[in-house]
**Q** 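Dumping the structure here so I can ask a few things about it.
In listed order, ligands and their atoms are each counted from 1. The residues of the chain are indexed from 1 along the displayed sequence.
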Amino acid sequence: MRNFRFRLWPLWAALILALTGCSDGQNTGNGDSTTDAPEAPEYPVTWRFALEEIEGSVQHAYAEALKERIEERSDGKIEMDIFPYGSLGTSSQLTELVRNGSVNLAFASPGHLANTVPEIGLFTLHFVMPEDADITRRLLASPNLLNLFEQPYAQHSLKLLGFVPEGWMAWTANKALRTPDDFQGLRIRTMTSDMAEESYRAYGAQPSQIPYSQVYSDLQLQKIDGQSNPIFAIEEMDFYEVQSTLTIARHAQFVSSVISNLEWYDALPENQKQWLGESLEDVADIAWKTQEELNQTRLQTMLEEAHLSVVQLTDEEREAFRRASRPVHDLYLERTGESGQRIMENLQQLIEELETESRTSADSGNGD
Ligand code: 6CS
């Protein structure tokens, strides 16, 4: 297994953040500014970007692309330091580092963030996302989708900067998972929010919330029987070494979000906001292309190593899971109230609009 330094996190985090200091030369949004007058920034300004994934991942490719764009657009006035997973902390700890101003940007995946921002638990639900890849890509890049979640994030002092697609989730275990019955009593790892557990409880599994860094060893020691992640991550984190079967049910997309501290963002000078906004737009498609490529090539790698058998569920088999997952949608609505209801309805409407648009353009293409 690759050598991660996870156990030394608190030490690394303190050391790195102390050594790099509070290097951004402007109000970090944590209330430590001594004057109300906006100070002229001293360039170059360094922004820290913390990742939930290791080097070579979708998040890493995205961060590298964002770094390149922002440094270019700002003519070197903004520099970006990237902290891959293993250097600062777990996903939940990264969100805390954003909230207290220690890092400027971070990835925050819904499966971890949903205890803090309950509405984002929508992306932990099964069978809510479109089947079609192009519609999914357009949905996740849509400013309308971003707007839906802006307030829920802001209520927790977070600025939502973008959604990043990472591909279909797949299940691994030491058996095929063809029916909800196959989940009976299965000790499955989920991300660290209560909502993330519910979909598996509905199938009869025994879910437990475990940080990403601990999944490999818990599988190896058979403290858990299975887990769910996009294919590229199953290869990258070596989970396939300690699991026999990959089941592809296309039950949920792995969607992550890029966040910053809301006060920090609001206090950014206009030119910096503009560089950031434009750079985020520039890289919106990078994650889509990266995840497509990595999910494909890494499946090949795992198959070549012959560790894993792959099971693709039929539409009929998926239907049984779709039915079993319905009560969890109601649970989401119960837990998020009117706000979640509005978001769920708007999401469905956005998907329908994109589907209609795509049918219309296909029809007009056919009619030529
Ligand atoms: O399963 C997890 O916890 C993680 N999976 C991925 C693909 N990215 C980040 C997340 O923390």
Side-chain angles (χ1 to χ4, degrees), residues 2 4 6 9 49-63 82-98 103 105-117 120-121 123-124 126 129 140 162-173 187-197 199-200 205 207-219 223-240 242-243 246 248 251-259 287-288 290-299 302:
R2 288 168 191 128
F4 301 115
F6 298 120
W9 267 341
F49 190 1
L51 316 185
E52 298 172 299
E53 292 171 7
I54 60 175
E55 284 179 30
S57 61
V58 173
Q59 292 188 3
H60 187 245
Y62 180 96
I82 296 172
F83 294 88
Y85 194 57
S87 48
L88 294 183
T90 63
S91 298
S92 311
Q93 288 166 339
L94 298 186
T95 300
E96 272 321 298
L97 290 177
V98 168
V103 300
L105 307 168
F107 272 97
S109 293
H112 296 292
L113 189 63
N115 275 3
T116 306
V117 181
I120 201 65
F123 290 112
T124 69
H126 296 183
M129 293 297 277
L140 293 174
F163 285 118
V164 175
E166 303 199 21
W168 287 113
M169 302 279 268
W171 297 318
T172 64
R187 295 168 307 164
I188 189 159
R189 175 268 173 172
T190 71
M191 285 181 265
T192 54
S193 67
D194 300 338
M195 205 59 224
E197 288 191 341
S199 298
Y200 293 99
S208 49
Q209 301 174 23
I210 296 172
Y212 199 32
S213 52
Q214 203 185 309
V215 179
Y216 181 93
S217 56
D218 281 3
L219 288 171
K223 290 183 176 175
I224 48 173
D225 305 311
Q227 65 83 44
S228 172
N229 251 303
I231 287 168
F232 83 85
I234 291 167
E235 193 275 340
E236 176 169 282
M237 297 299 279
D238 299 329
F239 300 155
Y240 71 101
V242 283
Q243 297 269 268
L246 179 82
I248 300 177
H251 58 286
Q253 287 279 343
F254 190 100
V255 176
S256 194
S257 64
V258 181
I259 56 170
W288 183 264
T290 311
Q291 65 82 19
E292 270 191 333
E293 192 203 317
L294 290 187
N295 282 316
Q296 222 167 48
T297 54
R298 292 191 179 172
L299 180 59
M302 289 190 285

**Q** Mind checking the CD-OG spacing from Gln214 to Ser208? Nearest 0.5 Å is all I need.
**A** 9.0 Å
**Q** Does the ring center of Trp171 lie less than 6.0 Å from the ring center of His251?
**A**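 Here the rings of His251 and Trp171 have centres that are less than 6.0 Å from each other.
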**Q** Give the intermediate values and the outcome of side chain to side chain contact (heavy atoms under 4.5 Å, CB included) for residues Thr95 and His112.
**A** CA-CA 9 Å; Thr95 300; His112 296 292; over 6 Å; no
**Q** Centres of the Phe163 and Phe123 rings: under 6.0 Å?
**A**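 Centroid separation for Phe163 and Phe123: below 6.0 Å.
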**Q** Apply ring-ring contact (aromatic ring centres under 6.0 Å, His included) to the pair Phe107 and His60, showing each step before the final yes or no.
**A** CA-CA 10 Å; Phe107 272 97; His60 187 245; over 10 Å; no
**Q** State yes or no: are the ring centers of Tyr212 and Tyr85 separated by less than 6.0 Å?
**A**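 Judged by ring-centre distance (under 6.0 Å), Tyr212 and Tyr85 do meet the cut-off.
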**Q** Under 3.5 Å, N/O to N/O: give me all the pairs between ligand 1 and the protein, one per line with atom names and distance.
**A**
residue	atom	partner	partner atom	Å
ligand 1	1 (O)	Arg189	NH1	2.7
ligand 1	1 (O)	Asn229	OD1	3.2
ligand 1	1 (O)	Asn229	ND2	3.1
ligand 1	3 (O)	His112	NE2	2.8
ligand 1	3 (O)	Arg189	NH2	2.8
ligand 1	5 (N)	Asn229	OD1	2.9
ligand 1	8 (N)	Glu53	OE2	2.6
ligand 1	11 (O)	Ser91	OG	3.3
ligand 1	11 (O)	His112	NE2	3.0

